[in-house]
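What follows is a short report on a single structure.
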2 protein chains.
Amino acid sequence: MVMPMNEQDEQKKYDAKKYRTPDGAPADIVMFTLTKKERKTVTKTLPLRELRVMLIRRRSWPFAGKWALPGGFSRDDESLYETALRELKEETGVVGRHLEYLSVYSDPGRDPRGWIISHAFFALVEEEVLEKRQAADDAEEVGLFTIEEALDELDLGFDHRDIIADAYRRIQEKMLKTTIARKFLPQEFTLSELYQVIKAVVPDFEEPNFIRKITSTRSRKGILEEVRDENGVPISSNQYSQRPAQLYRFLDNVPRLSIYS
Amino acid sequence: MVMPMNEQDEQKKYDAKKYRTPDGAPADIVMFTLTKKERKTVTKTLPLRELRVMLIRRRSWPFAGKWALPGGFSRDDESLYETALRELKEETGVVGRHLEYLSVYSDPGRDPRGWIISHAFFALVEEEVLEKRQAADDAEEVGLFTIEEALDELDLGFDHRDIIADAYRRIQEKMLKTTIARKFLPQEFTLSELYQVIKAVVPDFEEPNFIRKITSTRSRKGILEEVRDENGVPISSNQYSQRPAQLYRFLDNVPRLSIYS
DNA sequence: CGAATAGTGTCTATCAGACAATATGAG
DNA sequence: CTCATATTGTCTGATAGACACTATTCG
């Protein structure tokens, strides 16, 4: 492309700057999953659900031997979101159910390789994908840890503990303020399942009258609807219980919350 | 620092990589302010408040002559937050009332100068600071625009229109979900002032019974308290009205919102 | 008294929150 | 019949939402 002369001059002046530039811009991904564990009971029961995060044991410098988030460097022909999507696919083989930018981590010295500004994303991935990944890969050691393990017990590389803590806060917030729970659930689900998903991500969420409240018109705020067949008869499922439970599905409506109303 | 031999080797191997690295990581700042405009009325009135954003007219390539966000490149001895804080101080002389990370902008080609990944912040600054800045500076042309002007009427440089749109969405969300309104208000304020601030940032916030609701114990959610003197007598102010209005102050409590309760 | 804002009275349908009670269907 | 989950009954006090009404002070 031909440029007017003075623009070229200005550009040359700019290019001559001697400031140091970053040595890389990676995207690191906090991959969350909800694991389901069958419970041994007499009758049918809801599985236990636990929020877990996928980590990879580093094989090379820096932080060799330590657990860290999966990630990789961005290229100049892609946005950081595309970098994250590419890494997610490379790591899991799927695009996942959700991928969202979290924040930037740029403290000087955070990466011994140089001036490396990292961009953290978080993703939601189906349990099966990560389990398959865990079993199949012999090149890398992959672990699925609970949040408590990741934050309190493991010695993580880089500032990845901070990143996971931030991601955990963010997903807890989104769980309560948006309908992101749908990303952890099948299209149609029972209210107990929904409640359980919420509790798995936000343990101190307590709503003893959950079903009562969610089915009363106002609190529901138009986020859910009962599933009905073509004749308008409500459909229920007894997959997890003896007594069949009404199935619900999310609507596209995301309510606007406010502390002032 | 002496390193074990194999770590040095690994480091050398890493350094030999030939990937392109970014040409810079600037922080761009969306500086918001609430302007107050006196109204000509017979009696005392609340001033009109308007949310505005500060822009600078670029003097050099690229986008010379266009309006753009203030900002500057990060250095390798500071975090991006520190970069933003430094730029904010350089631009306004103050640290402002709020500075918060917004997001990253990394689309390839967004900056003709090269591979430049920009980090947007938004700041809240007192009106007087920006007005003084606007008057004093002869090196740069500074403008204070309403959101509508910035988004719909101006031809902005870079992807700064997107950034401002994102910042506007974010501040609207924070206005409703957090007590960030306090950053726009004096320590003690009347409920009309609070309502007005909210409306200035979120024009479609409608709460005809605002005072009623905010003073009923549950809705208040412990975010506000009445100002009282040492004898417990409520204090009111008639700065903006004939009839004195009760003063309130924010508590430190930030309620947790949820669509499920 | 008029202007402009602050705040209360009143009414009704709905909701929250608590807890007990009943329903369902497999084993 | 029991278990584990699903769902309804019932009650009280609080709230939302609407709208009219009164209060305060200055000029």
Side-chain angles (χ1 to χ4, degrees), chain A residues 36-49 188-197 199 205-224 226-227 233-248 255-261, chain B residues 36-49 188-199 205-222 224 226-227 233-248 255-261:
Chain A
K36 280 195 273 237
K37 209 161 55 195
E38 300 296 323
R39 282 190 294 159
K40 300 276 169 295
T41 48
V42 183
T43 64
K44 276 189 265 189
T45 54
L46 282 163
L48 285 175
R49 288 181 210 244
E188 304 178 349
F189 50 86
T190 67
L191 294 182
S192 310
E193 282 185 282
L194 172 58
Y195 186 56
Q196 210 200 14
V197 164
K199 291 273 295 182
F205 178 80
E206 292 287 345
E207 208 59 76
N209 255 332
F210 185 72
I211 293 182
R212 167 69 49 98
K213 289 182 71 171
I214 214 69
T215 51
S216 81
T217 35
R218 249 240 289 287
S219 284
R220 176 161 48 187
K221 298 179 188 81
I223 57 176
L224 292 177
E226 298 175 359
V227 180
V233 181
I235 300 178
S236 47
S237 150
N238 62 348
Q239 185 181 5
Y240 295 124
S241 60
Q242 314 303 349
R243 174 169 175 174
Q246 175 63 45
L247 290 176
Y248 285 80
R256 180 197 252 185
L257 294 175
S258 159
I259 60 174
Y260 301 112
S261 51
Chain B
K36 279 195 275 238
K37 210 162 51 197
E38 300 296 323
R39 282 189 295 159
K40 301 276 169 294
T41 49
V42 182
T43 63
K44 276 187 267 190
T45 53
L46 280 163
L48 286 176
R49 289 181 210 242
E188 304 177 349
F189 51 86
T190 67
L191 294 183
S192 310
E193 282 185 282
L194 172 58
Y195 186 56
Q196 210 200 15
V197 165
I198 298 171
K199 291 272 295 183
F205 179 79
E206 293 288 345
E207 206 60 75
N209 255 332
F210 185 71
I211 292 182
R212 167 72 48 99
K213 289 182 70 171
I214 213 68
T215 51
S216 82
T217 35
R218 250 242 289 286
S219 284
R220 178 162 47 190
K221 298 182 187 79
L224 292 177
E226 299 175 358
V227 181
V233 181
I235 300 178
S236 47
S237 151
N238 63 347
Q239 186 181 4
Y240 295 125
S241 59
Q242 314 304 347
R243 173 170 175 173
Q246 175 63 45
L247 290 175
Y248 285 81
R256 180 197 252 185
L257 294 175
S258 159
I259 60 173
Y260 302 111
S261 51

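So you know, we letter chains A, B, ... as the sequences are listed, proteins then strands, and number each from 1. Fair warning: this is a prediction, and the values are worked out from it, not measured in the lab.
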ask   = Please give, in whole Å, the distance from C/dA16 P to A/Phe210 CZ?
value = 12 Å
ask   = With sequence neighbours left out, what residues match A/Gln196 under side chain to side chain donor-acceptor pair (under 3.5 Å)?
value = A/Arg49
ask   = From D/dA4, D/dT24, D/dG17, pick the nucleotide closest to the side chain of B/Pro244?
value = D/dT24
task = Measure from CD on B/Glu206 to P on D/dA18 and round the result to the nearest Å.
result = 11 Å
remark   = Rounded to whole Å, the OH-P distance (B/Tyr195 to C/dG7) equals 15 Å
ask   = Within the structure, does a side-chain N or O atom of A/Lys213 lie under 4.0 Å from either OP1 or OP2 of C/dG17?
value = yes
query = In whole angstroms, how far is the P atom of C/dA6 from the CD atom of B/Glu226?
reply = 15 Å
remark   = Heavy-atom closest pair (B/Pro244 atom, B/Asn238 atom, distance to 0.1 Å) is CA-CB, 3.8 Å
request  = Rounded to the nearest angstrom, tell me the gap between atom OH in B/Tyr240 and atom C1' in C/dA4.
outcome  = 15 Å
ask   = Which nucleotide sits closest to the side chain of A/Gln242: C/dA6, C/dG25, C/dA4?
value = C/dG25
remark   = Checking C/dA26, C/dA6, C/dG7 against the side chain of B/Gln246 (C-beta onward), the nearest is C/dG7
query = Over how many whole Å does the gap from B/Gln196 atom CD to C/dT5 atom P extend?
reply = 9 Å
inquiry  = To the nearest 0.5 Å, what is the distance between CG on B/Leu191 and CD1 on B/Ile214?
reply    = 7.0 Å
key: Whole-Å gap separating P (C/dT8) and CG (B/Leu191)   = 11 Å
Strictly under 3.5 Å: I want the nitrogen or oxygen pairs between protein and nucleotides 8-12 of chain D, one per line.
| from | atom 1 | to | atom 2 | distance (Å) |
| --- | --- | --- | --- | --- |
| D/dG9 | N7 | A/Arg212 | NH2 | 3.0 |
| D/dG9 | O6 | A/Arg212 | NH2 | 3.2 |
| D/dT10 | O4 | A/Arg212 | NH1 | 2.8 |

task = Enter the distance from B/Leu224:CG to B/Leu194:CG here, rounded to the nearest 0.5 Å.
result = 6.5 Å
ask   = Rounded to the nearest 0.5 Å, how far does OH of B/Tyr248 lie from OG of B/Ser237?
value = 13.0 Å
request  = Given side chain to side chain contact (heavy atoms under 4.5 Å, CB included), test B/Tyr260 with A/Glu207 step by step and report yes or no.
outcome  = CA-CA 9 Å; B/Tyr260 302 111; A/Glu207 208 59 76; over 6 Å; no
ask   = How many Å lie between CD1 on A/Ile214 and C1' on C/dC15, as a whole number?
value = 13 Å
message = Applying ring-ring contact (aromatic ring centres under 6.0 Å, His included), can you list everything that pairs with B/Phe210, at least two apart in sequence or on another chain?
response = B/Tyr195
